[in-house]
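Below is one structure, written out as structure tokens; comments come after it.
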Amino acid sequence: MTRAIDVLHLGRDRVICAYELDGLVVDPGPASCVETLIERLGRTRPRALLLTHIHLDHAGATGVLCRRYPNLEVYVHENGAPHLIDPSKLLKSAAQLYGDDMEELWGEVAPVPEDRVRPLEGGETVEGFRVAYTPGHASHHVCYLHEATGDAYVGDMAGVRIPPYNHTVAPTPPPDIDVEAWLDSLHTIAAWSPQSLRLTHFGQVNDVAEHLHRVRCALTDAADSARLDGEERFVARIEEAIGEATDPATVECFEQAAPPDQLYQGLNRYWRKKAG
Ligand SMILES: [Zn+2]
């Protein structure tokens with residue numbers, strides 16, 4: 001049985017969801033939420049973490065958890081692994097986005113001992129999960145298909161959708177958004193024909209094909225808007241759409257999980273890179 005664990009980021013529900021099944025934790029969340037995670041794991045002692053990628057909202061707690069559980073193993077894409085072992089570059093990049101809020105948002109980002117890290121390439125099967133390399137949101141993103149149930153754990157690749165609504169936003173923060181790669185990765189996920197998607201932001205999605213279509217549209221619309229509209233108009237469009245489709249409490253969840261100004265920055269950087 002899979003458990004969806006709301007780690008209550010900054011005390012807010014429906015922002016960051018970790019998953020536990022059979023002692024495996026997919027994306028434990030940030031260190032600032034680690035006590036909530038551990039409390040909600042109850043008597044379960046995690047034996048391994050399956051990381052979709054190393055962004056702090058997904059994997060920031062990894063080092064702290066390794067200290068707490070001396071046998072804990074960590075699966076992560078090989079391109080992300082060095083930045084878990086030495087998080088200095090990751091922290092520098094995150095500090096550019098979050099500045100003085102780093103500590104409050106993410107807590108302690110402890111280094112992960114190298115001997116705990118199990119690097120992935122994509123294409124292998126580990127712990128009953130098929131692994132696919134799925135760049136686009138991050139160049140080191142992987143997704144996991146649980147073979148026994150057909151549930152796909154997709155990190156940020158299938159967007160941000162806050163229940164009970166189906167409005168979907170593509171999380172496109174800097175530094176390595178790649179729209180074409182992302183669209184290809186969505187095909188990779190669709191080709192699994194998963195019976196459900198498990199999003200970090202937030203929870204379970206059962207209308208898989210419709211949802212993946214929404215992600216594609218959200219991503220390409222946002223990419224066009226970033227190219228054509230400029231930041232102010234881009235942010236206003238994103239906020240307007242969320243406001244129309246959801247309610248004020250849910251708007252806050254979206255803003256926290258995917259700050260609109262960062263969505264613009266990531267896409268703007270993508271277009272500038274493309275233009276050379
Ligand atoms: Zn991310």
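The structure presented is a predicted model; accordingly, all values stated were derived computationally and were not measured.
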Value rounded to 0.5 Å, distance of [atom1] in [X] from [atom2] in [Y]:
X: E73; Y: D115; atom1: CD; atom2: CG; answer: 9.5 Å
X: L56; Y: Y98; atom1: CG; atom2: OH; answer: 7.5 Å
X: N79; Y: H53; atom1: CG; atom2: NE2; answer: 13.5 Å
X: I177; Y: R269; atom1: CD1; atom2: CZ; answer: 10.0 Å
X: T200; Y: R198; atom1: OG1; atom2: CZ; answer: 12.0 Å
X: N166; Y: E210; atom1: CG; atom2: CD; answer: 9.5 Å

Are R233 and S225 close enough that a side-chain donor and a side-chain acceptor fall under 3.5 Å? no

Among side-chain atoms of S196 and D151, is any donor-acceptor pair under 3.5 angstrom? yes

Could you check whether any side-chain heavy atom of [X] comes within less than 4.5 Å of a side-chain heavy atom of [Y], counting everything from C-beta outward?
X: R227; Y: N268; result: no
X: F254; Y: V160; result: yes
X: V76; Y: V117; result: yes
X: F202; Y: P163; result: yes
X: E240; Y: E244; result: yes
X: Y69; Y: L49; result: no
X: L91; Y: S88; result: no
X: T62; Y: I54; result: no

In terms of the angle between their ring planes, are H146 and F129 parallel, tilted or perpendicular, with boundaries placed at 30° and 60°? tilted

Measure up the H137 and W182 rings against each other and bin them: parallel (under 30°), tilted (30 to 60°), perpendicular (over 60°).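 Rings of H137 and W182: perpendicular, over 60°.
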
If we ignore hydrogens and angles and just use 3.5 Å, is the side chain of [X] paired with the main-chain N or O of [Y] as donor and acceptor?
X: Y165; Y: I242; value: no
X: Y144; Y: L51; value: yes
X: D13; Y: L8; value: no
X: D101; Y: E104; value: no
X: T52; Y: V154; value: no
X: R47; Y: D22; value: yes
X: R3; Y: L41; value: yes
X: T168; Y: R214; value: no
X: T134; Y: H141; value: yes
X: E20; Y: G23; value: yes

Are [Y] and [X] connected in a single hydrophobic cluster, I mean Ile/Leu/Val/Met/Phe/Trp/Tyr linked by side-chain heavy atoms less than 4.5 Å apart?
X: V112; Y: V34; value: yes
X: L120; Y: V74; value: no
X: V169; Y: V179; value: yes
X: V64; Y: L72; value: yes
X: V215; Y: Y153; value: no

Which pair of non-hydrogen atoms, one from [X] and one from [Y], has the smallest distance, and what is that distance?
X: P194; Y: L145; result: CB-CD1, 4.3 Å
X: P111; Y: I85; result: CB-O, 3.4 Å
X: M157; Y: P135; result: CE-O, 3.5 Å
X: A222; Y: F234; result: O-CE1, 3.3 Å
X: L199; Y: G159; result: CD1-O, 3.9 Å
X: G243; Y: V251; result: CA-CG2, 4.0 Å

Before giving the answer on ring pair (Phe, Tyr, Trp, His ring centres under 6.0 Å), spell out for W106 and H9 the whole-Å C-alpha distance, their side-chain angles and the decisive distance to 0.1 Å. CA-CA 9 Å; W106 313 124; H9 186 228; 5.1 Å; yes

Is there a side chain to side chain contact (heavy atoms under 4.5 Å, CB included) between D229 and R237? Walk through the geometry before answering. CA-CA 9 Å; D229 294 339; R237 280 181 61 154; 3.2 Å; yes

Can [X] and [Y] be counted as an ion pair, charged N to O under 4.0 angstrom?
X: D207; Y: R161; result: yes
X: R68; Y: E35; result: yes
X: E124; Y: R130; result: no
X: E180; Y: K274; result: yes

Given salt bridge (Lys or Arg N to Asp or Glu O under 4.0 Å), test R14 with D6 step by step and report yes or no. CA-CA 7 Å; R14 297 179 295 143; D6 189 334; over 6 Å; no

Crowded around E239 CD? As in, over 12 foreign heavy atoms under 6.0 Å?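 Check passes, neighbour count above 12.
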
Step by step, would you call Y270 with D176 a side-chain hydrogen bond (donor to acceptor under 3.5 Å, both in side chains)? CA-CA 7 Å; Y270 159 75; D176 45 33; over 6 Å; no

Apply the test side chain to side chain contact (heavy atoms under 4.5 Å, CB included) to residues I162 and T246: give CA-CA distance (whole Å), side-chain angles for both, the deciding distance (0.1 Å), then the verdict. CA-CA 9 Å; I162 309 292; T246 71; over 6 Å; no

H77 and Y133: CA distance, side-chain angles, deciding distance, ring pair (Phe, Tyr, Trp, His ring centres under 6.0 Å) verdict: CA-CA 8 Å; H77 188 264; Y133 176 49; 4.5 Å; yes

Run the salt bridge (Lys or Arg N to Asp or Glu O under 4.0 Å) test on R67 and E108 for me, step by step, so that the C-alpha distance in whole Å, both residues' side-chain angles and the decisive distance to 0.1 Å come before the verdict. CA-CA 12 Å; R67 201 161 62 205; E108 179 193 1; 2.9 Å; yes

Checking H58 against H201 for the ring pair (Phe, Tyr, Trp, His ring centres under 6.0 Å) test, could you report, in this order, the C-alpha distance in whole Å, the side-chain angles of both residues, the deciding distance, and whether it holds? CA-CA 10 Å; H58 294 252; H201 322 284; 5.1 Å; yes

